[in-house]
Protein chains: 2
Amino acid sequence: MVSTIRAEILTIGDEILFGQITDTNTQWIGAQLTDIGIRPVRKTSVGDKRQDILDAFKEASQRVDVIIVTGGLGPTRDDITKHTFCEYFGTELQINEDALKLITEFFNKRGRAMTELNIQQAALPQNCTYIPNLWGTAPGMWFEKDNVIYVSLPGVPYEMKNLMEFEILPRLKSRFVTNIIQHKSVRTIGIGESFLAETIASWEDALPEHIKLAYLPHFGQVKLRLTATGTDQQLIDAQLQQQVDLLMPLIEEYVFGFDKDELETVIGSLLMNSNATLATSESCTGGYVASQITSVPGSSRYFEGSVVSYSNAIKINVLGVSAETLERYGAVSEQTAREMAEGARKVLNTTFAISTTGIAGPDGGTAEKPVGTVWIACATPDETFTQLLTLRNDRKINMELTNSYALNLLRKTILRYNPAVKS
Amino acid sequence: MVSTIRAEILTIGDEILFGQITDTNTQWIGAQLTDIGIRPVRKTSVGDKRQDILDAFKEASQRVDVIIVTGGLGPTRDDITKHTFCEYFGTELQINEDALKLITEFFNKRGRAMTELNIQQAALPQNCTYIPNLWGTAPGMWFEKDNVIYVSLPGVPYEMKNLMEFEILPRLKSRFVTNIIQHKSVRTIGIGESFLAETIASWEDALPEHIKLAYLPHFGQVKLRLTATGTDQQLIDAQLQQQVDLLMPLIEEYVFGFDKDELETVIGSLLMNSNATLATSESCTGGYVASQITSVPGSSRYFEGSVVSYSNAIKINVLGVSAETLERYGAVSEQTAREMAEGARKVLNTTFAISTTGIAGPDGGTAEKPVGTVWIACATPDETFTQLLTLRNDRKINMELTNSYALNLLRKTILRYNPAVKS
């Protein structure tokens with residue numbers, strides 16, 4: 001078996017240690033490396049401290065073949081990274097003329113003046129390979145020392161991703177003969193992790209040695225991720241599909257998609273393939289469901305719009321919910337959810353409409369309707385389906401869960417309405 | 001000077017290395033530790049591998065005084081963490097009766113049956129201190145070995161945060177005499193990082209030795225974070241405030257808030273203190289701006305609702321945008337943005353309304369109106385203000401930037417309308 005190339009992902013920056021910003025870079029890099037068969041075995045974050053950076057480099061060099069370093073680069077004064085690189089690689093900084101030319105063009109194109117700090121961004125350790133950054137001002141750098149590759153990239157996600165995609169991943173791919181690590185995921189909603197595990201236990205026990213299963217729960221969903229390693233892409237793909245085919249009959253009602261499918265992309269496909277349109281009317285989710293639906297490029301083909309009726313006045317005046325219903329049952333009720341969905345269908349003139357009304361928290365709960373009480377509804381040309389959710393007391397989680405369950409209600413409704421449609 | 005207590009934050013789990021999920025835990029933990037004067041010096045992520053976990057523990061124990069470990073715990077079969085803990089701490093697993101009682105109650109309260117896997121969650125290394133988890137089923141654990149504290153917590157963010165807040169942070173606080181590490185942040189929008197640095201260069205150079213400055217750019221904003229270390233909380237607070245008072249005259253027009261202020265909380269305070277109400281009408285942001293406004297608890301006091309007019313039909317039929325305007329200038333134009341904002345004000349009957357209309361990407365751009373062309377408007381009882389944004393070509397970034405600039409336009413409009421109001 002071909003030995004797997006191992007990688008470490010390293011970030012430099014106090015702001016990550018102190019929790020001041022969200023690190024999304026290392027997740028993305030980990031996924032990209034995995035996709036090309038390079039196995040991330042460690043992630044490390046250190047502060048803007050010379051000794052910690054040197055220690056991290058030294059330790060990583062004893063563990064892995066490839067080190068991807070992000071952060072510590074930028075035009076302001078808190079960046080000591082390049083000097084530490086020089087110390088580690090035994091060299092000095094020198095202005096790289098190609099880098100300087102690119103940075104100058106970057107500013108000219110935007111009609112902005114360069115500062116001295118920007119000019120210094122073109123100063124690179126002399127023995128690195130310069131990696132041009134067409135998306136920002138901090139150059140990428142590639143070093144090799146004692147059979148270990150070190151790649152330094154800016155921390156700005158947009159720049160890092162483009163540098164990885166267009167410069168770094170191609171070089172890594174052509175450099176290494178790698179094992180294939182292939183994932184296949186089955187996306188479920190509406191069943192808890194433990195029950196899912198018990199339901200599929202015999203199938204899981206029968207998995208071959210080279211195929212592993214992981215349970216990835218997230219906001220009311222559980223992603224089942226199969227991971228197969230091997231050298232023959234076609235064989236691996238076939239083996240994974242075979243396992244999925246064996247699994248499906250056990251859990252079909254809970255499965256909404258595979259791999260990169262999300263509820264919003266799945267309902268998008270179902271709507272397009274049904275020639276149907278959609279609207280939302282939202283109270284407690286405040287536009288979040290609409291924003292998730294419209295996060296899908298091309299959603300304008302099936303999504304007409306939304307009424308966020310945060311106040312009762314808007315429910316009455318814009319959606320046509322009857323004042324009597326609100327008086328009698330309250331804003332958070334099956335009746336109001338139903339009238340909101342039917343009102344949206346009418347006012348926005350769509351095939352389907354989904355509504356949400358509830359108490360997201362942290363305030364607003366009562367004994368009768370505690371925080372986490374949410375009604376959702378899905379209106380069709382013929383009838384309206386409703387569902388009660390009893391969620392926890394974390395506002396953000398409740399928004400995510402309500403969105404997931406509302407989209408899933410829509411998904412099941414479309415399939416009930418049009419059983420032959422594909423997603 | 002009292003020596004600072006050093007900490008390492010360690011995650012266990014393949015899914016983090018492979019980039020399958022977003023790690024938000026370590027950011028949160030880093031911020032919490034920093035707030036109580038414990039300095040995070042390293043973050044490490046390893047996979048579900050016995051040797052890697054053992055190596056990470058050993059290395060960390062030589063670096064720090066406190067190790068916070070998350071992940072690797074849960075009811076499914078991919079969790080080997082507890083056995084590795086037993087090996088490292090030289091002990092064996094045993095069912096902890098208190099833990100079993102709590103887990104059983106957890107399931108009874110929810111009317112759900114326990115599985116064998118759930119029962120095994122009560123099996124703990126014998127020499128750990130059991131930390132009860134009232135928010136889930138995986139118990140917390142506290143170990144001490146050779147003067148190093150190891151805390152093991154489940155990876156589910158909601159559970160981890162509650163365990164940290166109610167069990168772990170109090171114990172760490174009472175255990176250590178610590179230096180205070182205090183942050184003070186100034187939140188700016190509308191000025192690039194390099195120009196900001198040049199504008200405040202002389203002030204930054206004059207900062208005392210024990211106060212450091214970091215630039216944290218994020219979605220069109222730059223957060224200036226001052227960090228002071230010392231032992232006298234009152235003195236440090238006064239010194240930080242003094243530096244902020246010196247800074248403000250240099251950059252006042254770009255400052256929208258401090259510390260944990262966000263644009264949506266700032267406009268919320270301004271609206272409440274003005275006794276004013278707000279609506280949004282959104283096209284390209286698809287409800288995102290409304291969802292950000294309503295993410296603030298209590299926003300129902302000033303936010304009436306939103307019309308997401310994703311299609312032109314909705315712009316005309318619900319918001320009252322004139323068909324002629326759409327015909328003549330197009331959906332993405334100053335005129336349409338203006339009519340959308342004024343229409344929302346009327347239909348939703350509010351003091352202010354903000355609108356967004358543009359091309360978020362990746363498709364839909366033309367030579368005349370490329371991807372990233374966005375018009376925003378803010379309508380008041382007297383006049384309507386508009387602004388053209390020329391953004392990049394990343395859809396998600398464009399949504400975030402449009403939201404930030406729209407809320408900032410509203411902020412400046414409210415202040416212009418009511419200069420005396422406080423936020």
Side-chain angles (χ1 to χ4, degrees), chain A residues 14-24 27-31 34 40-47 52 75-78 115 117-118 158 193-194 197-198 214-216 218 225 286-288 290-291 294 297 300 303-311 313-314 318 347-348 362-363 394-395 397, chain B residues 14-24 27-31 34 40-47 52 75-76 78 115 117-118 158 193-194 197-198 204 214-216 218 225 286-288 290-291 294 297 300 303-311 313-314 318 347-348 362-363 394-395 397:
Chain A
D14 284 345
E15 65 274 13
I16 289 180
L17 289 182
F18 293 171
Q20 299 284 336
I21 70 169
T22 310
D23 165 27
T24 55
Q27 176 189 6
W28 188 89
I29 294 170
T34 302
V41 297
R42 177 78 70 116
K43 287 198 333 180
T44 300
S45 296
V46 294
D52 293 346
T76 52
R77 298 117 185 275
D78 54 345
T115 69
L117 292 172
N118 294 123
Y158 171 72
E193 193 183 346
S194 327
E198 295 220 324
Y215 293 77
L216 304 171
H218 184 67
R225 188 194 74 207
Y288 185 67
S291 75
T294 57
S300 57
F303 186 67
E304 284 288 299
S306 174
V307 174
V308 177
S309 53
Y310 218 55
S311 70
I314 306 302
V318 182
V347 171
L348 299 164
D363 309 311
D394 181 287
R395 191 184 177 89
I397 291 179
Chain B
D14 285 345
E15 66 274 12
I16 289 181
L17 289 183
F18 293 170
Q20 299 284 335
I21 70 168
T22 311
D23 164 25
T24 56
Q27 175 189 7
W28 188 89
I29 293 170
T34 302
V41 297
R42 177 78 69 117
K43 285 196 337 180
T44 299
S45 295
V46 294
D52 294 345
T76 52
D78 55 344
T115 68
L117 291 173
N118 294 122
Y158 171 72
E193 192 183 345
S194 329
E198 296 221 325
E204 186 178 356
Y215 292 76
L216 304 170
H218 184 68
R225 189 195 74 210
Y288 185 67
S291 74
T294 57
S300 57
F303 186 68
E304 284 288 299
S306 173
V307 174
V308 177
S309 52
Y310 218 54
S311 72
I314 306 302
V318 182
V347 171
L348 299 163
D363 310 312
D394 182 288
R395 189 183 179 90
I397 291 179

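Below, read A as the first sequence line, B as the second, and so on, with proteins coming before strands; counting in each chain starts at 1.
Contact of B/I397 with chain A is made through the side chain alone, with heavy-atom distances under 4.5 Å. Of the atoms belonging to A/T34, it is side-chain heavy atoms, and not backbone ones, that fall under 4.5 Å from chain B. At a 4.5 Å heavy-atom cutoff, the contact between A/V347 and chain B is made by backbone and side-chain atoms alike. Contacts of B/S309 with chain A are made by backbone atoms alone, with heavy-atom separations under 4.5 Å and no side-chain atom involved. For chain A, the nearby parts of B/S306 are the backbone and the side chain; heavy atoms of each come within less than 4.5 Å.
By number of non-hydrogen pairs under 4.5 angstrom with chain A, the leading residue of B/S291, B/A31, B/S45, B/G30 is B/S45. When each of A/A313, A/G305, A/G286, A/A290 is checked for heavy-atom pairs under 4.5 Å with chain B, A/G286 comes out on top. In terms of heavy-atom pairs under 4.5 angstrom with chain B, the leader among A/D14, A/V318, A/T22, A/V46 is A/T22.
In terms of heavy atoms, A/L216 sits closest to B/Q20 at CD1-CB, 4.1 Å. Taking each heavy atom of A/Y310 and B/F303 in turn, the nearest pair found is CD2-O, 3.6 Å. Nearest heavy-atom pair, A/R225 versus B/E15, reported as atom, atom and distance to 0.1 Å: NH1-CA, 3.8 Å. In plain terms, the two heavy atoms of A/E304 and B/I314 that are nearest each other are O-CG1, 3.4 Å.
Counting heavy atoms from C-beta outward, B/D23 and A/Q27 have side chains that stay 4.5 Å or more apart. Between B/K43 and A/L17, the closest side-chain pair of non-hydrogen atoms falls below 4.5 Å.
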